[in-house]
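In this text, all values refer to a predicted model and were calculated from it rather than measured experimentally. We count ligands from 1, going down the list as the structure has it; atoms in each ligand are counted the same way.
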Amino acid sequence: MIHKPVYMDYHATTPVDKRVLDAMLPYFTERFGNPASRQYSIGWIAEEGVEQARGAIAKTIAAASKEIVFTSSSTESNNLAIKGVAEAWRQKGNHIITLQTEHKSVLDVCKRLEKSGFQVTYLPVKEDGMLDLQRLYDAITSETILVSILYANNEIGTIQPISEIGKMCKEKGVFFHTDATQAIGYLPIDVQASNIDLMSFNAHKIYGPKGVGALFVRQSNPKVKISMQMDGGGHERGMRSGTLNVPGIIGLAKALQVASELRELEVKRLSKLRDEMYKSFCSELEDVFLNGSMANRLPHNLNMSFLHVDSTTLMMSLKDIALSNGSACSTADPEPSHVLKALRLHSDRLHSAIRFGLGRFTTEDEAKYVITRVIEEVTKLRKLSPYYQKELEYAH
Ligand SMILES: *Cc1c(COP(=O)(O)O)cnc(C)c1O
C-alpha cells in the first residue's frame, strides 16, 4: 500500500525524522532554559545542549565550534553572509560575484546591495547548469570582495566544482561563500579542504525542524569579519542577536548526525531509484529531456522536460503526487523559474519541466507508482494536445 499523495518534493522541505524529534522534545519542557542565563543550572543545561550541538555540527564539516553561528533559516544565513561581508569589507572593494542560478535569498540580497552602490556580476552557467571556472577567474577584479556560489542547486541538482572555486578564491584573496542547503547531508563537506570561508545551511531540508539554520564563518586563515545584521543582546559572539532556538538547534545537530550516518547508503539507494525513473521515462516516452548535468548531480534529484505538455497542467493531473515545476505558482500565468531560464533552453522545454525530489521516506513502490502515473498522464495529455498531433502528422 502506498500512502497518497506521494511526496516527491524533498527539495522544498522534509518531514522531521523521529530520532530528531525525540532529541528535541526535552528542550521544550524540562530543559527549557535560556542559554544566556548562566547564573543558574536551568540556563547552563540549555547552554550545554547548544554547545554540544555546535561542536557536533562543526565537526561534521571540519570547522571549529566558534565558527558556527545559529540563525533562523538558510535565507537568514545567506543574508548575514553576503550583507555582513559587504558591509564589513566595503573599504576593500565593492564587487561581488554570484551565479544566475542561485537561490532567491542570494540573488535578492545582491540586488539590494546593487541599490546601495555595490557592483554584482551574475555569472551565466553552461547548458548543463555548470559554472565555467574560466569565466569566474576572468570576472575577479581588484575590487572583488566576495564570491557566492551555491554548492548544489535546488531545482536541477547541479553540483558546482566547490573545491576548485575555493582554491581560486583563496589564491585571489577573495572570500568564498556557498549556500550548501541542498548539499549538506548528501555530499561529504569539508570547509578546510574546499577553502570555504562562509557556508549556509538549515535543518528543514535534512529531516530537521523548520525555522533554524546556521552560518559557518571562518575564524582563522583568514578570519572573516562580518557586520551583524540583527542588533540586540550580542548573542552568537556579536554576529546574531536574539535568544537561541534551543530545541531547533538540538534538532539541527541531530538531523545532521543522522544524515551523515545514513549518507552512503542513502546516496546509493536514492540514485538507484532516481536512475530507474529516468530510464523508464526515456524508454517509454518520446521527446523527454534531462535538465542539468547528470554527472554532477545530487543523488535524489531528477528534473525533466516532457515536451508538448505544460508542466502546470501535468502537475494538476497528477494530484496524487506532490511535485514542483519550480515556478512561482501564485500567478495565473506561471513563468518558468529563473534557474531553467538561465540554462537558455527552448521555450517548450522550459514550460514542460518537472522536478522530482526523492528522499529518506521514498520507497521503491512509490518510485514505480510515479513512473506509471507520469507516463500515463503525459501520454494522455499529448493525445489531447492539438499541437502535438499536428507535429506528429508533419513527422510522418
Ligand atoms: C530551501 C533553500 C533555501 C532557503 O532555506 P530556508 O531555511 O527555508 O530559508 C536557500 N537555499 C537553497 C539552495 C534552498 O534549497
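Looking at E276 and K279, no side-chain N of the basic residue comes within less than 4.0 Å of a carboxylate O on the acidic one, giving no salt bridge. No salt bridge links E264 with R269; every basic N to acidic carboxylate O contact stays at or beyond 4.0 Å.
Atoms of ligand 1 found under 4.0 Å from any heavy atom of S73 (numbered from 1 in listed order, with element): 6 (P), 7 (O), 9 (O). Taking a cut-off of under 4.0 Å to the non-hydrogen atoms of K205, the atoms of ligand 1 that pass are 1 (C), 2 (C), 3 (C), 14 (C), 15 (O). Of all atoms in ligand 1, listed by their number and element, those nearer than 4.0 Å to a heavy atom of H204 are 6 (P), 7 (O), 8 (O). Annotation for ligand 1: atoms under 4.0 Å from non-hydrogen atoms of N154 are 13 (C), 15 (O).
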Practice task
Give the C-alpha distance, both sets of side-chain angles, the deciding distance and a yes or no for side chain to side chain contact (heavy atoms under 4.5 Å, CB included) between T379 and L285.
Solution key: CA-CA 8 Å; T379 310; L285 293 166; 3.7 Å; yes
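Ranking protein heavy atoms by distance to atom 9 (O) of ligand 1, first place goes to T75 OG1, 2.5 Å. Here the protein heavy atom with the shortest distance to atom 11 (N) of ligand 1 is D179 OD2, 2.6 Å. Here the protein heavy atom with the shortest distance to atom 3 (C) of ligand 1 is H103 NE2, 3.4 Å.
The cationic group of K225 does not satisfy the cation-pi geometry with F175, failing either the under 6.0 Å distance to the six-membered ring centre or the 45° limit from the ring axis.
Contacts with ligand 1 closer than 4.0 Å are made by side-chain heavy atoms of N202 only, the backbone lying farther away.
Between F306 and F356, the ring-plane angle classifies as perpendicular under the 30° and 60° cut-offs. Classified by interplanar angle (parallel below 30°, tilted 30° to 60°, perpendicular above 60°), the ring pair Y207/Y10 is tilted.
At least one donor-acceptor pair under 3.5 Å links the side chain of S305 to the backbone N or O of R349.
Between S74 and ligand 1, at least one pair of N/O atoms sits closer than 3.5 Å.
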